[in-house]
Every structure is written in C-alpha cells, then in structure tokens.
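All values below were derived from every heavy atom in this structure, side-chain atoms included, with hydrogens, water molecules and symmetry-related copies excluded. Just so you know, these numbers come straight off a predicted model, no measurement behind them.
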Amino acid sequence: MRTMTETAKKKRGMPSSFTILLILLAVVALITVAVAGITPEVTAARLDDFFMAPVRGFADALPVCLFVMILGGFLGMMTETGALDNGIAVLVKKLKGNELMIIPVLMFIFSLGGTSYGMCEETVPFYALLAATMMAAGFDPMVGAATVLLGAGCGCLGSTVNPFAVGAAVDALRGVGIEVNQTIIIGLGAVLWLVTTAISIVFVMSYAKKVKADKGSTILSMQELKDAEEAHGAAAAEVTKDVKLTGRQKGVLIAFAFTFVVMIVGFIPLADLNEGVANFFDAGAASHEEVVEVTGDDLVAAYDDANGTTTVLAGDITGESTVTVTDSLGWSAVVTGVPIGGWYFDEASTWFFIMAIVIGIIGGLSEKQIVNTFISGAADMMSVVLIIALARGISVLMASTGLDVYVLDMAANALAGLSGIIFAPMAYLVYFGLSFLIPSTSGMATVSMPIMGPLAAELGFSPEVMVMIFSAAIGVVNLFTPTSGAIMGGLALAKIEWTTWLKFAMKLIVVLTLVCMVILTIACVVIVP
C-alpha cells in the first residue's frame, strides 16, 4: 500500500491564514471608503484604522487569546508527562476495528454543547487533541478538525437554549416589545440541529472511510501532512508499540478529563437552564447591601473619565448609591470568584493554569520542568493567538466605521413586502451575508433583531422563525468564515490551512444551506404568529 507521504498532493501555493485575513481587512477598509462616499452613516476607514485594527482586535479578544496561551501550556504539560500520547494509543488499541464509531459519538457530544450553550471558542483545545487521535486511528487531521468544527457548529446552527444566540435574540426582541414562544424556538431549533448534525456525521464518516482505505486520498497537501506529522505524529507512533499506562499517567489522564468536564460545566449558564443546579454550585454565597453617599464631584469625575470631557455643576448635588458587598463566596467560586455556570474565559484560563501545575506534579515533573514546559507550550500557541487577534480586528473595524449596521438597514428595507415563501430564504441569505460582517452570534442578535424582528411581525410572519433564520444562517457561516478566531485558531492547531478546509467542507456547506432554507421556509409558511 502506498504511504501517505508518497501519494500526498504537492504543496499548493495557497496564501497563509495571515495573508488571507490581511487581504480581507484591506477589502473591508476599502469598502468603508466607497460606502462613506454614498452615505454619512458609514465612516471611511483611515490608514491608521487599518494599521491599528489587528492591535485593537487583540485587545478586544484578549480573554480568548490568553485562554489559548494558557491552554498551550496545559497541553504541553500533558505531552511532557507522556500521558496524552500513551492515552491516545491505548484508546485506539481498544477501538481496533471500530475506530469510525468515535466520530458520530464525539460529533453528537460537541453538537450538544453547541445547541445548549453555544460551544465555540471552547472547542479550540480539542483540535490538536483530536487531530492526534484521528492520526493514531489511521485517519488524517482533517477528520479530527471536522469532528470538532462540524459537531459544535451544527449544534450552534440549531440552537435550542443557547444563551449567546437565541437567548440574546429573544432579549433583543423583548427590548422592542415583541414576546416570543420559546417552545416554537426550541422545537424548530431541535429539527435544524438534529438534521444538520446527521448529515455532517455521514459526510465526515464517508471521508474518514476513504482515507482509512487509501492514505493517498487525503485532501491535505504534502506540507500540511508534514506539519501535522511534526505536531501530532508522536501520538500516532505510539499505537505501533506495546504501550502501558503507568500509575502516574493514569492519574494525569483522570485530572485531564476532570479539567475539561469542569470547564464545560463552568461555561453552561446553569442559572438560565436549571435554578436548582445553579443554587447547588452557588451554595454558601452570602452578601448584603450597603448605602454609600455620592457627591456631585463623584458624578462629575465618573462622567468626565468615561467621556473625556470637563464638566462643571451649577450647584451642590448629593445622593445615595446602593452597592452589593460580598460576605462569602459559594463553594464553587472559591478559586475564580465566579460560581461554576457563570464562567467565561478569564475563569477558564485560571482553571487551566491551576490544573497545568497539578498535572505536572501528578506526572512527577520537577519544578524547573513544570515552568519550562508551561512556557514552551504557551509559546507554541503564539501563531494561533495572532490569527485570532487579526480575525477579530476585521470585526472591530466594521463596527467602528458603522458598516455592519448600514448593511443591515439596507438589507431589511429590501425584504419589505415579500411573501412568506420568498421572505424566509431571502432573509436567510441576508443573514448569511451579514454574518461575514458580524461573526459574533450575540453581537449579531443585539444589532439585528430590533430591526428584523419588527419587520417580520409587520409583514405577518413569526418572530420565532426569524430568530431561527438568524441562528441557522450565522451558524452555517461560522462553519467556514475566516473572520472567526475559533475556526482559524483551531485549524492552525490541527495544522490545516483555511483554504484546504474550505475545499473540504464546501459541498457540505452548500447542502446544509439548502436544507436550512427549506426547513425555515416551510416553518415561515406554516407557523402563524
């Protein structure tokens, strides 16, 4: 049988992720200049806006970037103990002959995270892990990346209770006086979630079977295969050996699994899903309110500091402000100050930093080994961090110039007066295009729903369907858009170029788009507000 290296495609002269993002940034800047000449609603991007965008993107995405760097140190610690490579080898040996079954199981689990709490940036740690696992199982890194991205992505596409998508959309609609039926949203979201996840599982398994039978059928270039071998080949090589886990390595793997379980639960908004569970993690918390006197000078100082102004009050002003003082933290908030279920990236970074040290100790590493390994692992993530920052910089530039809101207003005006059978697919396409400008689901919901929701209601269509049109459209776009830091960062970890991913996933993306449009069009016609 031919080896993967012998049959791999020659290195394609495709631009790197950095080049693609810089080109997109330049294109967006030029578009703002052109549009600014037509309407005062958009400010033309200046040269300094263009050059500063990556830095501003880094500042905006700082919590995610720090999370990724600390994650690098955590994974580096796992590799140094030998537990990760040996654990993957043992898992693959136990799955001998049934390696394919890991794909649907993991994709469904990721999709659960997507539909329930919008699992996105949190998937970044799994790209490198599953790239190594799939290589060890006889596939290629693309199978690992697709398992993560398509699994979680289809869950977000069909969001049911995802607070960052449907939750933000519902809140935005309530802000303009429109109440929605959550049952309709959950039901329609479940249909989209399960149908698209099933299609994606079949697609990934089909590709995996082909690569398993013939390594030369991989879609990856020779350079990508070489990079993947350097990054993940050690784990794959262990499969051919008679590997046994030591007691320390078993302890490390238990701590590893525990770390990810706590992280995932930490991100799930438990207070919104189940009050009883939320109260359990917040048990022991106590606080009281205190009244503090506020003077006019205090108000002026706060206002001027926020707005860069100089304000003078005509007379003396005094008042009272009520503040909440924490007396004691709940048991799950002792480490981070925030109870499990209310975490975001700062808390997750703290958790991974602590567990990296714990794993180093369990693995028997010396103090110097722990420090050097963590620093080295964090350094390995710098290219991923820079990609995330550059991707975020594009979004920051569009928001600061007003291009995103202008395009949204123009699109909403174009939809007025359409029938339901035309309105749904056209609204989907509008959101599809807007999602390149605003890849953030919560950001898109906040900006667009006060415009699109009332438009749907005015035309006699269900606001609930409009919420799912938004969720499905941005969900599909976030399967491949280069403005998503999670995608670009994850692919970089798996050693896959964005252009290769686009080539791999394009047929599936077209199918998912058409399927979503059909389902949503039927829902728009059938569901009457």
Stepwise side-chain contact (heavy atoms from CB on, under 4.5 Å) test for I102 and M134
CA-CA 9 Å; I102 197 174; M134 294 305 179; 3.7 Å; yes

Derivation of the side-chain contact (heavy atoms from CB on, under 4.5 Å) call for L150 and F110:
CA-CA 9 Å; L150 294 176; F110 281 122; over 6 Å; no

Might you work through the side-chain contact (heavy atoms from CB on, under 4.5 Å) test for T499 and I20, ending with a clear yes or no?
CA-CA 9 Å; T499 49; I20 291 171; 3.8 Å; yes

Please walk me through it: do T218 and M142 pass side-chain contact (heavy atoms from CB on, under 4.5 Å)?
CA-CA 8 Å; T218 178; M142 182 62 79; 5.9 Å; no

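Closest heavy-atom contact between G138 and K215: O-CE, 3.1 Å. Contact record, A53 with L25: CB-CD1, 3.8 Å, taken as the closest heavy-atom pair. In plain terms, the two heavy atoms of H232 and L493 that are nearest each other are NE2-O, 3.2 Å. Across all non-hydrogen atoms, the minimal contact from A391 to S484 is CB-C, 4.3 Å. Here the closest heavy-atom approach between residue P63 and residue D346 is recorded as CB-OD1, 3.9 Å. When all heavy atoms are compared, the tightest approach of N181 to T183 is OD1-N, 2.9 Å.
Using cut-offs of 30° and 60° on the angle between ring planes, the pair F480 and F432 is tilted.
Note that the OG1 atom of T32 and the CG atom of L30 stand 7.5 Å from one another [nearest 0.5 Å]. Of the inter-residue distances, the one linking I388 atom CD1 with M381 atom CE reads 9.0 Å to the nearest 0.5 angstrom. Expressed to the nearest 0.5 Å, how far CD1 of I199 lies from CG of L512 amounts to 6.0 Å. Atoms OG1 and CG, from T446 and D171 in turn, are 8.5 Å apart once rounded to the nearest 0.5 Å. Considering CE of M488 and CG of L386, their distance stands at 12.5 Å, rounded to 0.5 Å. Considering CE of M449 and CZ of F470, their distance stands at 6.0 Å, rounded to 0.5 Å.
The shortest side-chain heavy-atom distance between I178 and P454 falls under the 4.5 Å cut-off. No side-chain heavy atom of E464 sits less than 4.5 Å from a side-chain heavy atom of L188. V191 places a side-chain heavy atom less than 4.5 Å from the side chain of V195. Two residues are said to be in side-chain contact when any heavy atoms from C-beta on lie closer than 4.5 Å; L106 and F126 fail this criterion. Counting heavy atoms from C-beta on, the side chains of N162 and M119 never come closer than 4.5 Å. Using a 4.5 Å cut-off on side-chain heavy atoms (C-beta onward), P141 and K495 make no contact. Taking 4.5 Å as the limit, some side-chain heavy atom of P482 sits within range of a side-chain heavy atom of L24. By the 4.5 Å heavy-atom criterion applied to side chains, I387 and V384 are not counted as neighbours.
In this structure F504 satisfies the ring pair (Phe, Tyr, Trp, His ring centres under 6.0 Å) test together with F203, Y207, W501, sequence neighbours excluded. Checked against ring pair (Phe, Tyr, Trp, His ring centres under 6.0 Å), F258 has the following partners two or more places apart in sequence or in another chain: W351. By the salt bridge (Lys or Arg N to Asp or Glu O under 4.0 Å) test, D49 is found to be paired with R46, R56, residues two or more places apart in sequence or in another chain being considered. The salt bridge (Lys or Arg N to Asp or Glu O under 4.0 Å) check on E179 picks up R174, with sequence neighbours excluded. T197 pairs by the side chain to side chain contact (heavy atoms under 4.5 Å, CB included) definition with S111, C154, W193, I201, not counting sequence neighbours. Contacts of F58 classified as ring pair (Phe, Tyr, Trp, His ring centres under 6.0 Å), with partners at least two apart in sequence or in another chain: none. Residues that satisfy the ring pair (Phe, Tyr, Trp, His ring centres under 6.0 Å) test with F352, not counting sequence neighbours, are F67, F74, F260. A145 pairs by the side chain to side chain contact (heavy atoms under 4.5 Å, CB included) definition with Y127, L491, A494, I496, not counting sequence neighbours. Residues that satisfy the side chain to side chain contact (heavy atoms under 4.5 Å, CB included) test with V338, not counting sequence neighbours, are T336, W343, E347.
The 12-atom threshold is not exceeded at CE of M101, counting heavy atoms of other residues, nucleotides or ligands nearer than 6.0 Å.
Listed by first and then second residue, the salt bridge (Lys or Arg N to Asp or Glu O under 4.0 Å) pairs involving residues 383-395 are D60-R392 (not counting sequence neighbours).
The closest donor-acceptor contact from the side chain of S206 to the backbone of V202 lies at 3.5 Å or more, if one exists at all. Judged by distance alone, the side chain of T160 and the main-chain N or O of A190 form no donor-acceptor pair under 3.5 Å. Between the side chain of S332 and the backbone N or O of I340, at least one donor-acceptor pair lies under 3.5 Å. In this structure a side-chain-to-backbone donor-acceptor pair under 3.5 Å is present from S116 to L112.
Between the side chains of T500 and E497, no donor N or O sits under 3.5 Å from an acceptor N or O.
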Please set out all donor-acceptor pairs under 3.5 angstrom arising from side-chain atoms of residues 513-529, sequence neighbours excluded.
{"from": "T513", "atom 1": "OG1", "to": "I509", "atom 2": "O", "distance (Å)": "2.7"}
{"from": "T521", "atom 1": "OG1", "to": "M517", "atom 2": "O", "distance (Å)": "2.6"}

Donor-acceptor contacts, no H, no angles, side chain residues 400-428, under 3.5 Å, sequence neighbours left out:
{"from": "S400", "atom 1": "OG", "to": "V396", "atom 2": "O", "distance (Å)": "3.2"}
{"from": "S400", "atom 1": "OG", "to": "L397", "atom 2": "O", "distance (Å)": "3.0"}
{"from": "T401", "atom 1": "OG1", "to": "L397", "atom 2": "O", "distance (Å)": "3.0"}
{"from": "T401", "atom 1": "OG1", "to": "M398", "atom 2": "O", "distance (Å)": "3.2"}
{"from": "N413", "atom 1": "ND2", "to": "D409", "atom 2": "O", "distance (Å)": "3.2"}

